[in-house]
Amino acid sequence: VQLQASGGGLVQAGGSLRLSCAASSDIGNMNVMAWYRQAPGNERELVARIGSSRSTNYADFVRGRFTISKDNVKNTVSLQMNSLKPEDTAVYYCKATRAVVTPIGILKNDYWGQGTQVTVSS
């Protein structure tokens, strides 16, 4: 699976951006689709994820401001980001995870997109 993230840019604090992640194949086969971010000098961290049943989880620092969604027909995952803060500045990555049951256990495959820069000015 190849993932292409887009939608990043420069926005003022309080503004909004919508990130999109386009997959090269059927995301309905993926167990989890997620957005991560990495700021300079920091480790990559989970922002939000959505399961195959469309259940969602959010990091505490974005809950109530960001919304993750997916379109299994268009094979896209989106992240609507509202009320942006300067501390949201980071490169945002999308990730797809597929878990396969094998005779020796569950094999988990992760696929990463290339990242899109989000910069929030104060």
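Note: hydrogens, waters and symmetry copies are ignored here, and every other heavy atom, side chains too, is used.
Listed by chain and residue number, Thr102 satisfy the side-chain contact (heavy atoms from CB on, under 4.5 Å) test with Ile104 (two or more places apart in sequence, or in another chain). Tyr58 meets the ring-ring contact (aromatic ring centres under 6.0 Å, His included) test with no other residue; sequence neighbours excluded. A search for side-chain contact (heavy atoms from CB on, under 4.5 Å) contacts involving Glu45 returns Arg37, Phe61, not counting sequence neighbours.
The nearest pair of heavy atoms linking Leu46 to Ala34 is CD1-CB, 4.0 Å. Taking each heavy atom of Ala5 and Cys94 in turn, the nearest pair found is CB-SG, 4.4 Å. In this structure, Ile50 and Ser69 approach most closely via the heavy-atom pair CD1-CA, 4.1 Å. Here the shortest heavy-atom pairing between Val11 and Gly15 reads CG2-CA, 3.9 Å. When all heavy atoms of Leu3 and Ala96 are compared, the pair lying nearest together is CD1-N, 3.7 Å. Ala39 and Thr89 get closest at one heavy-atom pair: CB-O, 3.7 Å.
Side-chain contact of Thr97 with Asp110: a donor-acceptor pair under 3.5 Å is present, judged by distance alone. Counted by atom type alone, Thr76 and Asp71 present zero donor-acceptor pairs between their side chains at under 3.5 Å. Remark: the Tyr36 side chain and the Lys95 side chain contain an N/O donor-acceptor pair separated by less than 3.5 Å.
Linking Ile, Leu, Val, Met, Phe, Trp and Tyr whenever their side-chain heavy atoms come within less than 4.5 Å leaves Tyr93 and Met81 in two separate clusters. In this structure, Ile68 is not a member of the same hydrophobic cluster as Trp112, with clusters built from ILVMFWY side-chain heavy atoms closer than 4.5 Å. Placement of Val91 and Leu19 in two distinct hydrophobic clusters is found when ILVMFWY residues are connected by side-chain heavy-atom separations under 4.5 Å, directly or transitively. Residues Val32 and Tyr92 fall into different hydrophobic clusters, defined by Ile, Leu, Val, Met, Phe, Trp and Tyr side chains chained together at heavy-atom separations under 4.5 Å.
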Task: side chain to side chain contact (heavy atoms under 4.5 Å, CB included) between Asp26 and Asn75, intermediate numbers included - done: CA-CA 6 Å; Asp26 186 5; Asn75 292 320; 3.6 Å; yes
*asked:* The test is side chain to side chain contact (heavy atoms under 4.5 Å, CB included); show your working for Ser78 and Lys70 and say whether it passes.
replied: CA-CA 6 Å; Ser78 298; Lys70 66 174 181 172; over 6 Å; no
Item to complete: Could you go through the side chain to side chain contact (heavy atoms under 4.5 Å, CB included) check for Met30 and Val1 one step at a time?
Response: CA-CA 10 Å; Met30 297 298 158; Val1 176; 3.1 Å; yes
Test log, rule side chain to side chain contact (heavy atoms under 4.5 Å, CB included), inputs Ser16 and Gln80: CA-CA 8 Å; Ser16 298; Gln80 178 65 41; 4.0 Å; yes
**Request:** Apply salt bridge (Lys or Arg N to Asp or Glu O under 4.0 Å) to Arg63 and Asp60, showing your working.
**Result:** CA-CA 5 Å; Arg63 188 172 291 114; Asp60 287 342; 2.5 Å; yes
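Interatomic distance, CG of Asp88 versus OG1 of Thr119, reported as 11.0 Å (0.5 Å rounding). The distance from the OH atom of Tyr111 to the OG atom of Ser24 is 9.5 Å, given to the nearest 0.5 Å. Atom OG of Ser121 sits about 5.0 Å away from atom CD of Gln12, to the nearest 0.5 Å. One finds the CG atom of Leu79 at 12.0 Å from the CE atom of Met33 (value rounded to the nearest 0.5 Å). Between the CD atom in Gln4 and the OG atom in Ser20 there is a gap of 10.0 Å [rounded to 0.5 Å].
Applying the 6.0 Å contact sphere to CG of Leu107 captures more than 12 heavy atoms from other residues, nucleotides or ligands.
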